[in-house]
Chemist: 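Sending over a structure as structure tokens; questions will come in a sec.
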Amino acid sequence: MAPSREIPSELQRKSSDNGAALQLQTALPSNTASEVSAELGKDAPLEIRKFLKDKSILITGATGFLGKVLVEKILRAQPEIKQLYLLVQPRGGVCPEQRVQSEILEAELFKVLRSQLGHEFERFTTKKITVVGGNVRSPDLGISSGQVGAITRALDLIMHVAGNTKWDERFDVSVRDNALGPTNLMKFAKTCPKLKLFLHVSTACVNSVRKGSVTERPFKMGETMAEILAKEADESLPSDRDIPRLDVNFETELAEKAADCGSSVEKEMVEFGRRRAQLFGWQDIYAFTKAMGEMLLFENRGHIPLAIVRPPGVVSTYKEPFPGWIEGFKVVDPIAIPYGKGQFSGFTASENSVFDLVPVDIVVNTMLAVAAKHYGCEQQDTYVYHSSSTSVNPFNLKGFGDAVYNHFKAHPMVDKLGNDILVKKFRCFEDADEFKRSVRSQLLTAALVRLCSEDGSNFYMEEVLQRKYAKLRSDYNKLVKRIELLWIYTHHFTSYDNHNAETLLRQIFQDEQETFGYSVSEVDWISFLAEVHLPGLRRHVLKEHRIQRLK
């Protein structure tokens with residue numbers, strides 16, 4: 001079947017108005033990635049501190065959650081790092097240097113390093129960090145001509161952490177950030193004469209609709225999830241079966257044309273992205289564009305060694321620099337917090353459905369071990385590592401329910417009047433419609449209780465409730481939308497094989513296992529969520545005063 005080239009009417013009009021037509025690619029690129037997972041062998045022990053010493057590293061996404069933890073860990077674990085170049089774009093009138101200071105160095109995450117260095121902290125970070133204004137979406141990364149030459153000559157390693165993680169992003173924005181961005185960065189990497197590794201952070205979500213064990217292998221150029229799923233369902237299917245073919249070059253050109261439409265087609269572009277992803281078998285635009293980003297990196301890497309780390313749902317720190325640090329809501333939090341507020345009584349999935357969670361400091365240690373392993377390797381294979389928990393320490397919805405119930409029973413949230421919100425035992429709803437009815441009922445009940453408390457009587461309750469019905473309906477619709485986005489990431493039984501990651505873990509130098517080890521087999525998920533992650537979320541993200549006293 002020919003590559004699918006459905007173009008929304010608005011884009012057709014825009015193309016016609018400009019007098020230009022998209023130049024379509026009719027054939028898939030011939031080169032494909034190796035399907036053989038990394039056979040790491042019994043090499044010399046990895047000494048990660050020694051590897052990091054005197055290295056110059058470009059890091060993208062340093063103002064994000066994972067990027068911050070990576071920067072902090074490198075500076076704390078190896079103060080003899082030569083230079084960290086942080087690629088940061090201005091935002092909201094704030095220059096890159098100010099963003100690094102306020103969003104990274106002043107974050108509570110750095111309190112351990114600040115304590116260790118004392119008054120030397122400012123001098124140390126000023127010496128070791130070079131802020132580079134720019135972004136991966138621009139040619140030459142948007143770096144000023146005065147900086148670009150010095151940076152390209154200095155770089156030993158690129159760690160690409162930046163990415164757009166929105167599940168319901170516009171088609172053009174997600175393609176630009178997750179597919180074209182890595183491609184631009186790889187083009188830049190080829191201009192760096194000393195560069196010996198490009199480490200790319202992808203996501204395990206690129207395979208999350210599959211069932212069973214998913215191996216650590218890269219995608220072939222133009223390979224689709226629909227094709228993979230069909231082959232897994234029936235291995236006898238012919239290669240020319242009637243499945244839409246993916247032309248990655250066409251998708252990127254389509255995204256560039258869509259960007260010209262601006263914000264006038266916002267909703268259309270979000271819906272188009274969802275349809276485009278599902279046409280090729282992916283659940284959402286995030287997974288689709290991250291998969292395309294992997295394909296383009298492999299296709300364009302040339303002589304640059306490439307390694308890919310795929311974490312699943314990344315949650316708060318497990319140990320370092322201290323337990324429970326987090327920024328923003330992560331994959332399980334949009335379920336946990338509404339449950340604690342009394343808006344959910346459970347979630348719609350089987351109690352055996354699996355959450356694949358990994359603490360962020362474990363992901364960072366995996367990245368550093370992969371970098372140390374493959375730095376300077378001449379192999380042309382692309383090595384993939386799952387930084388995941390499902391194959392060694394799976395965590396299901398029943399365990400999650402026990403964790404959130406234990407936490408909110410011991411440390412309840414409060415309503416607007418300061419009253420404790422009491423939670424019931426977490427329930428796993430097999431019927432999605434029953435769950436939605438339960439959510440609607442709980443929202444309505446909570447509103448009635450609040451209005452009764454505020455007014456002192458219910459004489460005008462019906463009239464008051466009618467006036468506030470629009471707000472209730474809006475709250476409900478937002479929750480339902482969140483449920484639908486989360487459902488695909490919880491209602492499955494995917495196991496991410498991490499043979500490569502486990503083999504690599506055993507190669508870390510014994511004296512460095514405590515500092516750089518990343519085994520998730522030791523994590524007690526129920527205790528971690530109840531006693532570390534949720535207190536951290538409420539302390540650092542929700543800024544709850546009453547939770548500040550928890551250890």
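Computed from a predicted structure; not experimentally measured.
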Chemist: Can you tell me how far OH of Tyr385 sits from CE of Met367, rounded to the nearest 0.5 angstrom?
Modeler: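 Here the rounded value is 13.5 Å.
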Chemist: Flag the pair Arg99 / Pro90 as yes when at least one side-chain heavy-atom distance between them is below 4.5 Å, and no otherwise.
Modeler: no
Chemist: After noting the C-alpha distance and the side-chain angles of Phe188 and Leu155, does the key distance pass the side-chain contact (heavy atoms from CB on, under 4.5 Å) rule?
Modeler: CA-CA 11 Å; Phe188 179 81; Leu155 287 183; 3.9 Å; yes
Chemist: Return the minimal non-hydrogen interatomic distance between Pro311 and Ser202, and the atom names on each side.
Modeler: CD-O, 3.4 Å
Chemist: Examine Lys111 relative to Phe322 and say whether NZ or CZ is less than 6.0 Å from the centre of the six-membered ring and inside a 45° cone about the ring axis.
Modeler: yes
Chemist: Is the closest basic N to carboxylate O distance between Arg170 and Glu268 below 4.0 Å?
Modeler: no
Chemist: Checking salt bridge (charged side-chain N to carboxylate O under 4.0 Å, His left out) for the pair Glu223/Arg217: CA distance, chi angles, key distance, verdict?
Modeler: CA-CA 12 Å; Glu223 187 176 24; Arg217 76 164 184 87; 2.8 Å; yes
Chemist: Okay, side chain of Glu512, backbone of Ile48: is any donor-acceptor separation there less than 3.5 Å?
Modeler: yes
Chemist: State, yes or no, whether a side-chain contact exists between Lys53 and Lys82 at a heavy-atom distance under 4.5 Å.
Modeler: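 Answer no - side chains too far apart.
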Chemist: So which heavy atom on Thr515 is nearest to which on Asn365, and how close?
Modeler: O-ND2, 3.4 Å
Chemist: Just by distance, do the side chain of Tyr518 and the backbone of Leu505 share a donor-acceptor pair under 3.5 Å?
Modeler: yes
Chemist: Please identify which of these residues, Val314, Val363, Val370, meets the side-chain contact (heavy atoms from CB on, under 4.5 Å) condition with Ser387.
Modeler: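 Result for side-chain contact (heavy atoms from CB on, under 4.5 Å) with Ser387: Val363.
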Chemist: Does Thr152 reach the main-chain N or O of Gly149 with its side chain, forming a donor-acceptor pair under 3.5 Å?
Modeler: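 It does hold such a pair.
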Chemist: If you take all heavy atoms of Lys330 and Asp333, which pair is closest and at what distance?
Modeler: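 The answer is N-OD2, 2.6 Å.
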Chemist: Parallel, tilted or perpendicular: which one describes the rings of Phe51 and Tyr375, with boundaries at 30° and 60°?
Modeler: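 Geometry flag for Tyr375 against Phe51: perpendicular rings.
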Chemist: Please check if the side chain of Arg210 supplies one atom and the backbone of Asn207 the other of a donor-acceptor pair under 3.5 Å.
Modeler: no
Chemist: Only one of Val201, Thr203, Thr165 forms a side-chain contact (heavy atoms from CB on, under 4.5 Å) with Lys290, so which one is it?
Modeler: Thr203
Chemist: Any chance you could measure Lys128, atom NZ, to Gln83, atom CD, to the nearest 0.5 Å?
Modeler: 7.5 Å
Chemist: Are any of the side-chain heavy atoms of Thr60 and Leu86 separated by less than 4.5 Å?
Modeler: no
Chemist: Please check if the side chain of Thr191 supplies one atom and the backbone of Lys187 the other of a donor-acceptor pair under 3.5 Å.
Modeler: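 Looks like no, no N/O pair under 3.5 Å.
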Chemist: For Phe65 and Val360, run side-chain contact (heavy atoms from CB on, under 4.5 Å): C-alpha distance rounded to whole Å, both residues' side-chain angles, the deciding distance at 0.1 Å, then the answer.
Modeler: CA-CA 8 Å; Phe65 176 49; Val360 63; 3.6 Å; yes
Chemist: Glu97 and Val100: side-chain contact (heavy atoms from CB on, under 4.5 Å), yes or no, with the steps?
Modeler: CA-CA 5 Å; Glu97 291 78 9; Val100 169; 5.9 Å; no
Chemist: Please assess Arg137 against Asp177 for the test salt bridge (charged side-chain N to carboxylate O under 4.0 Å, His left out), listing each intermediate value before the final yes or no.
Modeler: CA-CA 7 Å; Arg137 299 185 297 272; Asp177 292 345; 3.3 Å; yes
Chemist: Taking Asn178 for its side chain and Gly163 for its backbone only, find out whether a donor-acceptor pair lies under 3.5 Å.
Modeler: no
Chemist: Can you see whether Glu108 engages His540 through a side-chain donor-acceptor pair at a distance of less than 3.5 angstrom?
Modeler: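 Present: a donor and an acceptor within the cut-off.
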Chemist: Please confirm whether the backbone N or O of Leu296 pairs with a side-chain atom of Thr183, one donor and one acceptor, at under 3.5 Å?
Modeler: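 Pair absent, no side-chain N/O of Thr183 close to backbone of Leu296.
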Chemist: Mind running salt bridge (charged side-chain N to carboxylate O under 4.0 Å, His left out) on Arg245 and Glu227 for me, showing each step along the way?
Modeler: CA-CA 8 Å; Arg245 291 171 57 197; Glu227 179 184 7; over 6 Å; no
Chemist: Quick one: sort the Phe288 and Phe280 rings into parallel, tilted or perpendicular, breaks at 30° and 60°.
Modeler: parallel
Chemist: Is there a side-chain contact between Glu80 and Arg49 (heavy atoms, below 4.5 Å)?
Modeler: no
Chemist: How long is the span from the CE atom in Met159 to the CD1 atom in Ile57, to the nearest 0.5 Å?
Modeler: 6.0 Å
Chemist: So do Leu279 and Arg276 actually touch side chain to side chain, heavy atoms under 4.5 Å?
Modeler: yes
Chemist: Okay, side chain of Gln78, backbone of Leu52: is any donor-acceptor separation there less than 3.5 Å?
Modeler: no
Chemist: Do the side chains of Glu294 and Arg310 get close enough for a salt bridge, i.e. N-O under 4.0 angstrom?
Modeler: yes
Chemist: Have a look at Ser388 and tell me which of Asn498, Asp497, Val520 forms a side-chain contact (heavy atoms from CB on, under 4.5 Å) with it.
Modeler: Asn498
Chemist: Tell me if the CG atom of Asp140 is crowded by more than 12 foreign heavy atoms within 6.0 Å.
Modeler: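 Count not over threshold, so no.
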Chemist: Can you confirm whether His533 sits close enough to Val332 that some side-chain heavy atom of one is under 4.5 Å from a side-chain heavy atom of the other?
Modeler: yes
Chemist: Could you tell me which non-hydrogen atom of Trp167 sits nearest to which non-hydrogen atom of Asp284, and how far apart they are?
Modeler: O-CB, 3.5 Å
Chemist: Check Ile143 against Gln147 and note the closest heavy-atom contact, atom names and distance.
Modeler: CG2-CB, 3.7 Å
Chemist: Do any N or O atoms from the side chain of Asn135 and from the backbone of Ser138 form a donor-acceptor pair under 3.5 angstrom?
Modeler: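 It does hold such a pair.
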Chemist: For Tyr383 and His374, what are the C-alpha separation, side-chain angles and deciding distance, and is it a side-chain contact (heavy atoms from CB on, under 4.5 Å)?
Modeler: CA-CA 9 Å; Tyr383 292 101; His374 293 287; 3.3 Å; yes
Chemist: Distance to the ring centre below 6.0 angstrom and angle to the axis at most 45 degrees; does that hold for Arg114 and Phe110?
Modeler: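 Cation-pi check for Arg114 and Phe110: fails.
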Chemist: Just verifying a value: how many Å separate Asn249 CG and Leu254 CG, rounded to the nearest 0.5 Å?
Modeler: 12.5 Å
Chemist: Is a side-chain N or O of Gln283 found less than 3.5 angstrom from the main chain of Cys205, in a donor-acceptor match?
Modeler: yes
Chemist: Do Arg176 and Thr289 come close enough that some side-chain heavy atom pair is under 4.5 Å?
Modeler: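 With C-beta onward as the side chain, the pair stays apart.
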Chemist: Compute whether any side-chain donor of one residue and acceptor of the other, for Asn500 and Thr503, lie under 3.5 angstrom apart.
Modeler: no
Chemist: Salt-bridged, Lys194 to Asp156, with N to O below 4.0 Å?
Modeler: yes
Chemist: For the atom pair CD1 (Ile308) and CG (Leu199), what is the distance rounded to the nearest 0.5 Å?
Modeler: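 Reported to 0.5 Å precision, the distance equals 9.0 Å.
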Chemist: Quick one: are His160 and Ile59 in side-chain contact, heavy atoms under 4.5 Å?
Modeler: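 They are not in side-chain contact.
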Chemist: If you compare all heavy atoms of Tyr318 against all heavy atoms of Pro359, which two are closest, and at what distance to 0.1 Å?
Modeler: CB-CB, 3.5 Å
Chemist: Quick one: CG on Leu87 to CG on Leu141, what's the gap to the nearest 0.5 Å?
Modeler: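 If we round to the nearest 0.5 Å, Leu87:CG and Leu141:CG are 5.5 Å apart.
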Chemist: Under 3.5 Å, is there a donor on one side chain and an acceptor on the other for Asp356 and Ser389?
Modeler: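 Asp356 vs Ser389: donor-acceptor pair found between side chains.
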